[in-house]
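Note sheet for the following structure.
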Amino acid sequence: MSDGPEYDIDFREHPEEYEVGRGEEGVFKVEPYKSELLDYWGYADRETADEAGAAIYAKYREYRDEGDFPGMDMARKYLQMGYTRAMRYARCPGGQKYVDGEERDPEKWVDHDKREAALIYEVWWERVENDKVYQQAKSAHREGG
């Protein structure tokens, strides 16, 4: 996926146009899922992450019940992004991976609240990744049907 006109597509109406992509690709662009999931997402601390994870996972279950693979995968991406973003802040002061253009060596735990948030998101994320329905839907989607 790139920054092209394909993001003008309603992926619920045209799931065949959705590409799984790498990691968290498309989380801020793929509609209608961005509009449905972004407001739930947050990673300030353990409580925020658990509430967000529960809400996003509930949306995942809705998408799963509807057979909406793009929605399922986008929910997975938001959970993954909660983990990766919180972990970045947990290990890098201010979440800054680079200083003066050079990648900094991450510290062990700069922000313990963000580390707790990351660990919570990891549980929710793994729940989706390990869901057999998700795995089967992902395989079927990649095979074109």
Side-chain angles (χ1 to χ4, degrees), residues 1-4 6-15 17-142:
M1 285 187 253
S2 62
D3 280 353
E6 65 272 20
Y7 285 113
D8 294 336
I9 295 169
D10 178 326
F11 288 94
R12 179 169 289 126
E13 300 223 352
H14 299 282
E17 299 291 329
Y18 179 77
E19 295 177 25
V20 173
R22 291 183 38 205
E24 303 148 23
E25 194 171 30
V27 290
F28 296 122
K29 298 177 181 177
V30 173
E31 291 290 4
Y33 310 105
K34 177 195 120 179
S35 295
E36 295 171 358
L37 296 168
L38 183 58
D39 287 346
Y40 294 121
W41 186 72
Y43 55 93
D45 54 29
R46 177 187 191 99
E47 183 179 356
T48 302
D50 203 34
E51 288 173 7
I56 294 167
Y57 187 76
K59 289 298 289 180
Y60 165 78
R61 298 279 309 244
E62 286 178 32
Y63 299 140
R64 188 179 78 173
D65 290 348
E66 295 164 2
D68 181 348
F69 175 72
M72 293 166 63
D73 196 52
M74 288 299 294
R76 187 262 316 156
K77 288 181 180 202
Y78 272 88
L79 296 170
Q80 181 177 351
M81 184 171 64
Y83 170 79
T84 58
R85 193 66 53 91
M87 193 58 81
R88 180 191 312 161
Y89 277 83
R91 301 202 62 191
C92 300
Q96 300 297 315
K97 287 173 54 172
Y98 299 91
V99 176
D100 299 326
E102 298 287 321
E103 190 165 354
R104 72 169 8 139
D105 288 330
E107 298 176 28
K108 191 61 177 166
W109 305 119
V110 175
D111 186 327
H112 291 279
D113 286 338
K114 298 294 187 289
R115 179 173 182 267
E116 290 289 318
L119 295 175
I120 293 295
Y121 266 113
E122 186 176 35
V123 171
W124 289 111
W125 173 28
E126 286 178 352
R127 208 172 198 181
V128 171
E129 287 280 356
N130 294 325
D131 182 359
K132 294 211 183 312
V133 174
Y134 171 77
Q135 293 170 358
Q136 292 167 349
K138 184 176 179 181
S139 291
H141 186 81
R142 285 191 162 153

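Because only heavy atoms are used, hydrogens play no part in the values below, and waters and symmetry mates are left out as well, while side chains stay in.
- Ring geometry for Tyr83 against Trp125 counts as tilted: the plane angle lies between 30° and 60°, on a 0 to 90° scale.
- Atom CD of residue Glu17 and atom CD1 of residue Ile9 lie 4.5 Å apart, to the nearest 0.5 angstrom.
- In this structure, Tyr60 has its ring center under 6.0 Å from that of Tyr57.
- Glu31 and Ser35 are linked by a side-chain donor-acceptor pair at a separation below 3.5 angstrom, with hydrogens and angles left out of the test.
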What's the verdict on side chain to side chain contact (heavy atoms under 4.5 Å, CB included) for Leu79 and Arg127, showing C-alpha distance, side-chain angles and the deciding distance? CA-CA 10 Å; Leu79 296 170; Arg127 208 172 198 181; over 6 Å; no
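- The two residues Asp73 and Tyr134 come nearest to each other via the heavy atoms OD1-OH, 2.5 Å.
- Note that the CZ atom of Arg61 and the CE atom of Met72 stand 10.5 Å from one another [nearest 0.5 Å].
- For Asn130, the CG atom counts as densely surrounded, since its 6.0 Å shell holds more than 12 non-hydrogen atoms of other residues, nucleotides or ligands.
- Of the possible polar contacts, none joining the Lys34 side chain to the Met74 backbone as a donor-acceptor pair under 3.5 Å is found.
- Under the 4.5 Å side-chain criterion, counting only non-hydrogen atoms from C-beta, Lys77 is not in contact with Val30.
- Classified by interplanar angle (parallel below 30°, tilted 30° to 60°, perpendicular above 60°), the ring pair Trp41/Tyr78 is perpendicular.
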Would Asp50 and Trp124 count as a side chain to side chain contact (heavy atoms under 4.5 Å, CB included) if you check the C-alpha gap in whole Å, the side-chain angles of each, and the deciding distance to 0.1 Å? CA-CA 8 Å; Asp50 203 34; Trp124 289 111; 3.2 Å; yes
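- Few gaps surround CD on Glu66; more than 12 heavy atoms of other groups in view lie less than 6.0 Å from it.
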Side chains of residues 110-121: which donor-acceptor pairs under 3.5 Å do they make with residues two or more places apart or in other chains?
{"residue": "Asp111", "atom": "OD1", "partner": "Asp113", "partner atom": "N", "Å": "3.0"}
{"residue": "Asp111", "atom": "OD1", "partner": "Lys114", "partner atom": "N", "Å": "3.0"}
{"residue": "Lys114", "atom": "NZ", "partner": "Ala44", "partner atom": "O", "Å": "3.3"}
{"residue": "Glu116", "atom": "OE1", "partner": "Arg46", "partner atom": "NH1", "Å": "2.5"}
{"residue": "Tyr121", "atom": "OH", "partner": "Gly42", "partner atom": "N", "Å": "3.3"}
{"residue": "Tyr121", "atom": "OH", "partner": "Gly42", "partner atom": "O", "Å": "2.7"}

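- At least one side-chain heavy atom of Arg12 sits under 4.5 Å from a side-chain heavy atom of Glu36.
- For the residue pair Glu129 and Arg76, the shortest heavy atom distance occurs at OE2-CD, 3.1 Å.
- Proximity of Pro15 to Phe69: side-chain heavy atoms (C-beta onward) are nowhere separated by under 4.5 Å.
- Between the side chain of Gln136 and the backbone N or O of Ala140, no donor-acceptor pair lies under 3.5 Å.
- Minimum interatomic distance between Pro70 and Phe11 (heavy atoms only, all atoms of both residues): CG-O, 4.1 Å.
- Using a 4.5 Å cut-off on side-chain heavy atoms (C-beta onward), Phe28 and Met81 make contact.
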